[in-house]
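Structure, as structure tokens:
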Amino acid sequence: MSTQHTKGPWIAVDRDTGDGVCQVIPASAGLRICTVTNSAHDADNARLIAAAPELLEACRSLLALCEGGTGDALQRMDAARAAIEKATQ
């Protein structure tokens, strides 16, 4: 599987202008991935979007483990927990 999206990690940024606009940007550069607006859940949605690269990688890693791949199950579970926490905190 090839990755066709901007490499993570991404972060959610609240512009703190009171207009409810949040942006998702790569952690390594300020180029906007997306802008989340006009929702009562802007910040929550932005955090979920920002966690997408980690969630994808955690799911791929756990799937490989379940399919008989090698690796440390506890490390993979920790990565999955961290991605879920990023999406929900």
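Side chains are part of it too, since the values below use all heavy atoms of this structure and drop only hydrogens, waters and symmetry mates. Nothing fancy with the numbering, it's 1 onward along the sequence. What you see is a predicted model; the values in this text were computed from it and never measured.
Taken together through direct or relayed side-chain contacts under 4.5 Å among Ile, Leu, Val, Met, Phe, Trp and Tyr, I84 and L62 form parts of separate hydrophobic clusters.
Side chains of Q23 and C34 form no contact here, defined as non-hydrogen atoms less than 4.5 Å apart.
One finds the CG atom of D44 at 11.0 Å from the CD1 atom of I49 (value rounded to the nearest 0.5 Å). Taken to the nearest 0.5 Å, the CD1 atom of I25 stands 12.0 Å off from the CH2 atom of W10.
When all heavy atoms of V24 and A46 are compared, the closest pair comes out as CG2-O, 3.5 Å. Considering every non-hydrogen atom in both A58 and A80, the closest pair reads CB-CA, 3.6 Å. Nearest heavy-atom pair across K86 and R47 is O-CB, 3.9 Å.
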Exercise for the section: Evaluate the criterion side-chain contact (heavy atoms from CB on, under 4.5 Å) for residue pair L48 and L55; output intermediate values, then yes/no. Expected result: CA-CA 9 Å; L48 180 58; L55 290 167; 4.2 Å; yes

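Residues meeting the salt bridge (charged side-chain N to carboxylate O under 4.0 Å, His left out) test with E57, sequence neighbours left out: none.
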